[in-house]
Amino acid sequence: MVFYCQRYCYEKKYSTKVVTCKPAKQEIIVNGKKKKVDCYEMTFEDTVMFPEGGGQPDDRGLIEGIPVLRVLRRGGEAIHYLEKPLEVGASVTQEIDWTRRHDHMQQHSAQHLITAVADAMYGYATSSWYLAESVSYIELDTERISTEEMSAIEEAVNWRIRDATPVHITEYDATDPKLKEIRTRGLPDDVVGPVRVVTIENVDTNMCCGTHVHNLADLQTIKLLHTEKGKANKTLLYFVAGTRVLKYLGSCVTRERQLNTLLHSCPSDHLRLVEKIQKDLKGALKSLRDALKDLAVSEGQKFLAQHPRPQVYFHHRRDGDMDYLSAIINEIDDECVLKMLTAGEDKGPGLLVVHGPPTLVTKVGPRLCEILEGRGGGKSRFTGKVTRLDKRGEAERYIHSILQNEETET
């Protein structure tokens with residue numbers, strides 16, 4: 001079935017009747033996480049809301065003021081998921097989120113245009129594409145695209161936009177032999193009814209179920225951003241089109257002005273200053289590691305200087321790391337002493353090292369991880385990652401109790 005939304009892509013409202021309505025559960029994104037919610041599954045005589053398909057996300061909007069959570073295609077039906085039920089047979093008004101719809105139309109038509117031009121100019125066929133929330137990409141069947149090729153493709157697609165090239169949508173019967181001459185990556189097996197063909201005049205003709213602009217002038221402009229290596233010797237070409245170009249530019253300007261303030265410089269000097277900061281930071285980190293190593297040696301020597309030497313040694317350093325803790329153990333170099341060393345903030349990611357008599361280490365290591373809420377392993381040297389170093393006191397008391405019990409048994 002070809003829906004009203006596909007025939008009249010620029011329509012924002014539509015009146016129709018409820019055909020079915022039943023309780024359902026549907027997975028939606030809430031604060032960036034998938035969540036199943038109770039809702040109502042409905043079908044209508046027709047719909048102005050595009051059901052997800054052809055690489056294009058579904059529409060959102062309101063039906064009689066009730067938010068639409070999802071719109072999915074099932075065979076020849078568009079399945080709508082709403083927060084509240086509607087009476088079967090009732091006449092209702094559907095209203096789409098036009099900002100979302102128009103954005104999807106711009107990105108989808110831009111994809112058709114880029115795909116056609118990349119294929120015509122360099123023979124790079126499109127194997128798939130992804131319409132994301134901010135930046136989309138096209139997967140091209142080539143190992144790489146040069147900067148010169150990207151520039152040439154970008155110039156060609158924007159020339160078509162400036163030329164106000166018309167876009168036509170035609171419906172064909174599924175058995176029409178003309179369809180064999182039209183480029184496509186295939187249609188879903190459950191598609192029923194007429195087949196839609198989108199034609200960019202003198203540029204491309206392609207089967208597609210999505211919504212598109214009537215004229216490339218509506219795209220305003222296309223910016224090819226960058227490429228990434230894809231799977232199986234393919235290349236991902238990232239792009240923005242239409243209103244997204246203005247949003248992308250706005251974000252770049254905002255970040256640029258923030259960097260102006262942070263770096264006390266003009267944009268042309270940002271790269272040099274960041275490289276200098278990275279170099280200075282690398283040097284500072286090396287100096288810090290050297291200082292921590294010297295400090296670890298000093299801590300170990302301080303322990304060795306004690307007479308009589310304790311049978312247990314506890315040490316914690318907030319800004320320490322595994323190299324620091326290992327350096328202390330190596331400096332003490334006495335397996336007869338049970339050592340519990342930790343590094344990190346009181347609450348958050350931290351490190352634990354237990355070293356000493358293998359039988360003791362094997363016994364206390366797992367329990368210390370339980371107390372400090374983490375995981376680890378090892379025999380003569382037990383290492384772990386923990387999250388509650390604020391419970392070190394409890395861990396130390398546990399070790400003292402174990403040592404006292406051993407003395408009693410002896």
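Fair warning: this is a prediction, and the values are worked out from it, not measured in the lab.
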Are any of the side-chain heavy atoms of [X] and [Y] separated by less than 4.5 Å?
{"X": "V92", "Y": "K17", "answer": "no"}
{"X": "D141", "Y": "T126", "answer": "no"}
{"X": "R160", "Y": "L113", "answer": "yes"}
{"X": "Q106", "Y": "Q220", "answer": "yes"}

Using distance alone, with no hydrogens and no angle criterion, decide if [X] and [Y] have a side-chain donor and acceptor under 3.5 Å apart.
{"X": "N260", "Y": "E256", "result": "no"}
{"X": "H80", "Y": "T43", "result": "no"}
{"X": "Y122", "Y": "E149", "result": "no"}
{"X": "Y137", "Y": "H226", "result": "no"}
{"X": "T199", "Y": "H168", "result": "no"}

Above 12 or not: heavy atoms from other molecules or residues under 6.0 Å from [atom1] of [X]?
{"X": "Y10", "atom1": "OH", "value": "yes"}
{"X": "K229", "atom1": "NZ", "value": "yes"}
{"X": "K178", "atom1": "NZ", "value": "no"}
{"X": "K293", "atom1": "NZ", "value": "no"}

Please check if the side chain of [X] supplies one atom and the backbone of [Y] the other of a donor-acceptor pair under 3.5 Å.
{"X": "T235", "Y": "E143", "value": "yes"}
{"X": "K35", "Y": "K33", "value": "no"}
{"X": "D176", "Y": "L179", "value": "no"}
{"X": "T387", "Y": "E373", "value": "yes"}
{"X": "N158", "Y": "I222", "value": "yes"}

Go through the steps for R100 and D58 under the test salt bridge (charged side-chain N to carboxylate O under 4.0 Å, His left out), then give the verdict.
CA-CA 9 Å; R100 176 184 172 92; D58 53 334; 3.7 Å; yes

Going through the distances and angles, do R74 and E77 end up as a salt bridge (charged side-chain N to carboxylate O under 4.0 Å, His left out)?
CA-CA 5 Å; R74 185 186 298 155; E77 293 184 323; 5.1 Å; no

To the nearest 0.5 Å, what is the distance between OH on Y81 and CG on L72?
5.5 Å

Checking side chain to side chain donor-acceptor pair (under 3.5 Å) for the pair E201/T165: CA distance, chi angles, key distance, verdict?
CA-CA 6 Å; E201 199 170 280; T165 305; over 6 Å; no

In terms of relative ring orientation, are Y14 and Y4 parallel, tilted or perpendicular, with 30° and 60° separating the classes?
parallel

Please test Y313 against H355 for ring pair (Phe, Tyr, Trp, His ring centres under 6.0 Å), starting from the C-alpha separation and ending with a verdict.
CA-CA 10 Å; Y313 173 65; H355 181 264; over 10 Å; no

Do V198 and T205 pass the side-chain contact (heavy atoms from CB on, under 4.5 Å) test, and can you show the C-alpha distance, the side-chain angles, and the key distance before you say yes or no?
CA-CA 6 Å; V198 178; T205 300; over 6 Å; no

